[in-house]
Amino acid sequence: MASSTSFAPLIFLLLIIGCTARPLYPLPGHVHHGNRKPLQTFRPYNIAHRGSNGEFPEESAPAYMRAIEEGADFIESDILSSKDGVLICFHDVTLDDTTDVANHQEFANRKRTYEVQGVNVTGFFPIDFTLEELKSLRVKQRYNFRDQQYNGKFQIITFEEFISIALKAPRVVGIYPEIKNPVLINQYVKWADGKRFEDKFMETLKKYGYKGSYLSKDWLKQPAFVQSFTPTSLVYISNLTDLPKILLIDDITIPTQDTNQSYWEITSDRYFEYIKEYVVGIGPWKDTVVPVVNNYLQTPTDLVDRAHAHNLQVHPYTYRNENQFLSLNFNQDPYEEYDYWLNKIGVDGMFTDFTGSLHRYQEWISSNCHNESDDKTASKLLHKIASLVSSYKG
């Protein structure tokens, strides 16, 4: 009887060892920051591209709040400036496609033509409107095949309002703001103190306590990635913050707007070796990672492997659930697309318009892997116990 009970501590120890195996990064429950559940860091990041804009008009407060409800790790926003120097959340260089500006006769004379990245663009530019005027507009859904019921209901929000949404979330939610079109902004928007767009951008982040290198204690408390297509902006702000930065990479035909470098230059091993001193990763358009011809995937490039070899994360954009955005290889199933990119290509984060579907996929996979792991652990324990008992009987 005494000999039999001696197995109890051993079995308990085996159970402890079997159940504590975990990924490289700590699980959410292992790190605590106040009373809010911390950011998960054990799987690729679910990045809400302009909020949950598959459901609500992009960059609107409801789109961001919905993304948080649906499980986003980070909410992403494009930051521009109003005429009077207030930073706003808005993607396009013009207001035409995603607001009702055309319905406002009082602004009919505001249409302008500016050169943007070497191309003349005509429309209503945020840089020609004060914040008060921008707030009088209402946003609308970009795509006509998405839900139109929220058109005309929500305002453009400021960078500070965007940050407030993240900070008020019931759990720790990161932000992923982009320094958008800094060449244009710095050319036409002037701040009284002589500072530039990047300075104002960083002042806002610092005002709300965003600081710290990737996975540091400060960063985990208020996570943020800073992204931009302009390498000089990222190099410039590296002197202002140690927050992790992401170099965005456009289509292979589009050069950088500030340095006029080609896609091939900024994705070369030599450039990766240089830029990794300033950034922790890249954010490529997904078709540059895996080319698509006639809506069929082609052979993947080596971009992800080479970035990883330089210790750079890869966060591609943009994943959308609608059939016209899904390659035929995936049988019009977004879950098949997630599986391909996460498990075959091995990306470290995904910009998605449909935060909820990516979250459900990752939760299902995590749960399934957890159950499989439990089954394997239990089986191993049973075999171990059986061998011990057998040995004891002998």
Side-chain angles (χ1 to χ4, degrees), residues 47-67 72 74-83 86-102 112 114 116-117 119 121-129 131 134-135 137-146 150-152 154-163 165-166 175-185 188-189 197 201 204 225-230 233 246-251 254 257 283-286 315-320 322 325 350-355:
I47 307 161
H49 181 243
R50 309 176 203 167
S52 185
N53 76 86
E55 300 176 70
F56 290 92
E58 64 184 44
E59 315 262 16
S60 66
Y64 291 120
M65 290 187 284
R66 179 60 173 159
F74 288 85
I75 52 175
E76 185 262 355
S77 182
D78 307 274
I79 308 303
L80 290 172
S81 177
S82 66
K83 180 179 181 179
V86 180
L87 302 191
I88 62 169
C89 296
F90 203 78
H91 177 268
D92 292 2
V93 73
T94 66
L95 300 163
D96 301 54
D97 289 342
T98 57
T99 77
D100 62 354
V101 66
R112 301 282 188 276
Y114 291 110
V116 183
Q117 292 183 248
V119 178
V121 177
T122 300
F124 296 95
F125 289 74
I127 56 175
D128 291 320
F129 292 73
L131 178 64
L134 290 172
K135 284 288 189 180
L137 305 179
R138 293 296 179 268
V139 296
K140 63 181 181 180
Q141 180 59 255
R142 177 180 297 275
Y143 299 111
N144 59 17
F145 48 80
R146 288 182 177 172
Y150 301 109
N151 291 350
F154 312 124
Q155 293 180 321
I156 292 172
I157 65 172
T158 66
F159 190 15
E160 293 194 63
E161 289 170 328
F162 166 78
I163 289 173
I165 291 170
I175 61 172
Y176 209 127
E178 178 185 344
I179 302 172
K180 192 77 175 180
N181 294 110
V183 174
L184 181 76
I185 299 298
Y188 293 103
V189 180
F197 179 33
F201 179 95
T204 305
F225 285 104
V226 175
Q227 57 174 335
S228 184
F229 283 100
T230 53
S233 288
I246 299 290
L247 173 63
L248 297 173
I249 298 174
D250 215 324
D251 178 78
I254 301 176
Q257 62 179 269
W285 181 40
K286 63 188 178 76
H315 302 169
Y317 64 92
T318 303
Y319 298 87
R320 298 177 169 111
E322 290 98 353
F325 297 120
M350 301 175 74
F351 288 86
T352 177
D353 285 2
F354 292 87
T355 313

Practice prompt. Going by the side-chain hydrogen bond (donor to acceptor under 3.5 Å, both in side chains) test, name the single residue among T122, T94, D128 that passes it with Y114.
Written response: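 Going through T122, T94, D128 one by one, the side-chain hydrogen bond (donor to acceptor under 3.5 Å, both in side chains) with Y114 is satisfied by D128 alone.
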
Donor-acceptor check, side chain of [X] to backbone of [Y], threshold 3.5 angstrom: yes or no?
{"X": "Q155", "Y": "K135", "value": "yes"}
{"X": "Y64", "Y": "E58", "value": "no"}
{"X": "E76", "Y": "R50", "value": "yes"}

Worksheet item: What residues, two or more places apart in sequence or in another chain, satisfy ring pair (Phe, Tyr, Trp, His ring centres under 6.0 Å) together with F159?
Response: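 Listed in chain order: F201.
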
Fill in: Residues that Y319 engages under ring pair (Phe, Tyr, Trp, His ring centres under 6.0 Å), provided they are two or more places apart
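Expected list: W341.
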
Worksheet item: Which residues pass the side-chain hydrogen bond (donor to acceptor under 3.5 Å, both in side chains) test with T355, sequence neighbours left out?
Response: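 Here no residue qualifies.
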
Could you check whether any side-chain heavy atom of [X] comes within less than 4.5 Å of a side-chain heavy atom of [Y], counting everything from C-beta outward?
{"X": "F90", "Y": "T99", "result": "yes"}
{"X": "T158", "Y": "C89", "result": "no"}
{"X": "L137", "Y": "L134", "result": "yes"}
{"X": "H315", "Y": "I246", "result": "yes"}
{"X": "Y150", "Y": "E55", "result": "no"}

Worksheet item: Any salt bridge (Lys or Arg N to Asp or Glu O under 4.0 Å) pairs touching residues 88-102, not counting sequence neighbours?
Response: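 Applying salt bridge (Lys or Arg N to Asp or Glu O under 4.0 Å) to every pair that reaches into residues 88-102, excluding sequence neighbours, yields D92-R142.
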
For a quick test of reading the model, state the closest non-hydrogen atom pair linking [X] to [Y] and the distance between them.
{"X": "Y176", "Y": "I47", "result": "CE1-CD1, 3.6 Å"}
{"X": "F197", "Y": "P182", "result": "CD2-CA, 3.7 Å"}
{"X": "N181", "Y": "Q257", "result": "CA-OE1, 3.5 Å"}
{"X": "I127", "Y": "Y188", "result": "CD1-CB, 3.8 Å"}
{"X": "S228", "Y": "S233", "result": "OG-CB, 4.1 Å"}
{"X": "A48", "Y": "A67", "result": "CB-CB, 3.5 Å"}

As an exercise, state the distance from [atom1] of [X] to [atom2] of [Y], rounded to the nearest 0.5 Å.
{"X": "I75", "Y": "R66", "atom1": "CD1", "atom2": "CZ", "result": "14.5 Å"}
{"X": "L80", "Y": "I179", "atom1": "CG", "atom2": "CD1", "result": "11.5 Å"}
{"X": "W285", "Y": "I249", "atom1": "CH2", "atom2": "CD1", "result": "13.0 Å"}
{"X": "F162", "Y": "I175", "atom1": "CZ", "atom2": "CD1", "result": "5.5 Å"}
{"X": "T318", "Y": "F351", "atom1": "OG1", "atom2": "CZ", "result": "8.0 Å"}
{"X": "E160", "Y": "L87", "atom1": "CD", "atom2": "CG", "result": "8.0 Å"}

Item to complete: Take Y143 and F325 through the test ring pair (Phe, Tyr, Trp, His ring centres under 6.0 Å) and record every step on the way to the result.
Response: CA-CA 12 Å; Y143 299 111; F325 297 120; 5.6 Å; yes

Item to complete: Would you please classify the geometry between the F74 ring and the F225 ring as parallel, tilted or perpendicular, with 30° and 60° separating the classes?
Response: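 Tilted: the ring planes of F225 and F74 meet at 30° to 60°.
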
Practice prompt. Answer yes when E59 and K180 have at least one side-chain N-carboxylate O distance shorter than 4.0 Å, and no when they do not.
Written response: no

Worksheet item: Excluding sequence neighbours, so at least two apart, what forms salt bridge (charged side-chain N to carboxylate O under 4.0 Å, His left out) with K286?
Response: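 Partners of K286 by the salt bridge (charged side-chain N to carboxylate O under 4.0 Å, His left out) criterion, ordered by chain and then number, come out as E337.
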
Practice prompt. Only counting residues at least two apart or in another chain, list the ones meeting salt bridge (charged side-chain N to carboxylate O under 4.0 Å, His left out) with R146.
Written response: E322, D353

